[in-house]
Amino acid sequence: MNGQDNSGNESNVFEKVVDFVDERVGLKTIQAKMLNEPVPGGSRWAYAFGSVLLFIFILQVVTGILLMFYYVPSTDHAYASTQYIIHEVDYGWFLLSYHFWGSSAMVVMVFAHMSQVFLWGAYKKPRELVWLVGLALFGIVMAFGFTGYLLPWDQRAFWATVVGVEIMDKSPLIGDFMARFLKGGPTPGQMTISRFFVIHVMVLPAALMGLAGLHIFLFRKAGPAGPFRGTPEELKAKTDYFFPRQIWKDIVAMATVFLIICSLAFFEPVVLLEEATPDPGDYHPEPEWYFLFLFQLLRLKMFGGELGQLMGAIVLPGAFMALLAALPFIDTSPERNIFKRPVSLIAWILVMLMILVFTVSAIINRDFLH
Ligand code: HEM
């Protein structure tokens, strides 16, 4: 009897606290707005990629902050402090490896999310701005990978950055300025590591948080695109709310990705090479795997010489990004069914095949060189 009274009192206290906060913050309205968003045509696994991206990013922030308690961004201590994290800090190796694999997972997810919205025709009117802000987010995710790669200051980090900055240097107009700004001197050194560090831990996270907020605001304003097949009446009849079915799918997808990243960190932990030196010795510089296809593109014979390199490194990728940005304004037909958009379907298959073939051949080439 007493127990029942107690639990009654406890729930009373809880309700009072909720009411107190609700009166001041409008908690219940926020909750209703967040969770009662209609999902036309019902919940789908395909819609989970965006939420998974947010989830991975939050964990990258958490693990990144923990790493910063030990990491020292200087040419004298970056390598030693990273070794200290791996060998001396309790579970430091796991933390660093989780952060490392988390960045790869983010790149994979951003490609999956982009593919989904492209194939579903979700970039079309009225979601043009959602798509454009998404493209900026894509750039930020790739920039995170590039700036983070230098920080351990081993041979791999140093030489990938040298190659990356050299490629950047070739771009017209801003290339020279960007390369000098990033390097902060004639050769990579203290200024380079300081600048990469500030960009990696302050500029990019702030930009990602701001733009992700804008992306989701614009997405909520336009409403979810829903499936590409079915009449408006059919979609309306099948409509679910974000809570509980979509949120459940999102949580299962997040948990799966989390377990995959943990397993990769556990079974394939980060191992550093020798400390960075201005002499590569017999080390062949190469970027992180998600930049390998660009690296391989540059190795093609047709991109020989100064002009060829400019084409492969800057003009082609730049033109591709410009085409993606212009896409919602060029492709104005309201048709979203991918099976009735053969050009889009074939273009997507070709781009994916090219990335796959170039990445695999870069890996085969690397194994051959080493
Ligand atoms: C850090 C990167 C990103 C985050 C955190 C993010 C997050 C999200 C979230 C949570 C949604 C709503 C649910 C969903 O459909 O998944 C969404 C929708 C959307 N995103 Fe992203 N996104 C990112 C990158 C991108 C990129 C690179 C693009 C394309 C260039 C893009 C284009 C879109 C579009 C068009 C929608 C609307 C989908 C629809 O209405 O069905 N996003 N994003």
Side-chain angles (χ1 to χ4, degrees), residues 103-104 106-108 110-112 114-115 118 132 134-150 155-183 186-188 192 196 199 204 280 282-327 330 343-344 346-370:
S103 74
S104 288
M106 202 140 174
V107 173
V108 172
V110 94
F111 272 94
M114 262 173 106
S115 297
F118 175 78
L132 283 181
L135 279 183
L137 286 168
F138 169 75
I140 292 175
V141 170
M142 300 314 270
F144 260 119
F146 181 62
T147 49
Y149 206 51
L150 175 72
Q155 286 287 68
R156 184 170 25 220
F158 184 85
W159 288 101
T161 307
V162 170
V163 174
V165 174
E166 264 173 24
I167 292 176
M168 200 175 283
D169 203 2
K170 294 199 174 84
S171 19
L173 302 176
I174 53 159
D176 176 52
F177 167 76
M178 284 292 290
R180 270 190 300 133
F181 171 74
L182 282 179
K183 261 197 295 189
T187 47
T192 327
F196 271 58
I199 295 173
L204 294 176
D282 59 359
Y283 177 68
H284 298 278
E286 62 172 29
E288 183 54 307
W289 70 265
Y290 37 82
F291 289 118
L292 276 179
F293 74 97
L294 269 180
F295 197 58
Q296 189 65 12
L297 186 78
L298 283 177
R299 284 207 190 121
L300 292 184
K301 285 247 162 40
M302 63 198 256
F303 296 123
E306 194 61 13
L307 196 70
Q309 292 274 308
L310 185 70
M311 277 294 289
I314 310 292
V315 179
L316 272 185
F320 182 66
M321 288 309 287
L323 180 68
L324 284 185
L327 186 66
I330 303 171
V343 177
S344 300
I346 292 170
W348 180 80
I349 294 174
L350 286 180
V351 169
M352 289 298 141
L353 268 179
M354 194 208 83
I355 294 178
L356 186 73
V357 169
F358 279 18
T359 307
V360 171
S361 52
I363 292 171
I364 294 171
N365 224 318
R366 173 186 65 188
D367 291 344
F368 180 70
L369 284 171
H370 282 187

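Other residues, nucleotides and ligands contribute at most 12 non-hydrogen atoms within 6.0 Å of the CG atom of L173.
Using a 4.5 Å cut-off on side-chain heavy atoms (C-beta onward), E166 and V162 make contact. At a threshold of 4.5 Å between non-hydrogen side-chain atoms, the residues L135 and M114 count as touching. No side-chain heavy atom of V110 sits under 4.5 Å from any side-chain heavy atom of L137. Side-chain contact between I363 and T359 is present, with at least one heavy-atom pair separated by less than 4.5 Å. Considering only heavy atoms from C-beta on, L182 stays 4.5 Å or farther from T161 through its side chain. Inter-residue side-chain proximity for P188 and F158 is flagged as met; some heavy-atom pair is nearer than 4.5 Å. Using a 4.5 Å heavy-atom cutoff, the side chains of Y149 and S103 are not in contact.
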Candidate pair V107 and M142, rule side-chain contact (heavy atoms from CB on, under 4.5 Å), full reasoning: CA-CA 7 Å; V107 173; M142 300 314 270; 4.3 Å; yes
With side-chain contact (heavy atoms from CB on, under 4.5 Å) as the criterion, how do Y283 and R156 come out once you've worked through the C-alpha distance, each side chain's angles and the decisive distance to 0.1 Å? CA-CA 8 Å; Y283 177 68; R156 184 170 25 220; 3.3 Å; yes
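For the residue pair S344 and F118, the shortest heavy atom distance occurs at O-CE2, 3.5 Å. In this structure, D176 and D169 approach most closely via the heavy-atom pair CA-OD1, 3.4 Å. L150 approaches A157 most closely through the heavy-atom pair O-CB, 3.5 Å. Considering all non-hydrogen atoms of both residues, P287 and A160 come closest at CA-CB, 4.1 Å. For the pair P317 and M311, the tightest heavy-atom approach, listed with the atom from each and the gap, is CD-O, 4.1 Å. Residue G312 comes nearest to L297 through the heavy atom pair O-CD2, 3.4 Å, listed as atom of the first residue, atom of the second, then distance.
Between F358 and F295, the distance from one ring center to the other does not fall under 6.0 angstrom.
Between the CG atom of L292 and the CD1 atom of I355 there is a distance of 12.0 Å, given to the nearest 0.5 Å. Separation of atoms CE (M168) and CD1 (I174) is listed at 8.5 Å; rounding is to 0.5 Å. Residue T147 holds its OG1 atom at 11.0 Å from CD1 of I140, rounded to the nearest 0.5 Å.
Ring-plane geometry between F146 and F196 is classed as tilted, the angle between the planes lying from 30 to 60 degrees on a 0 to 90 degree scale.
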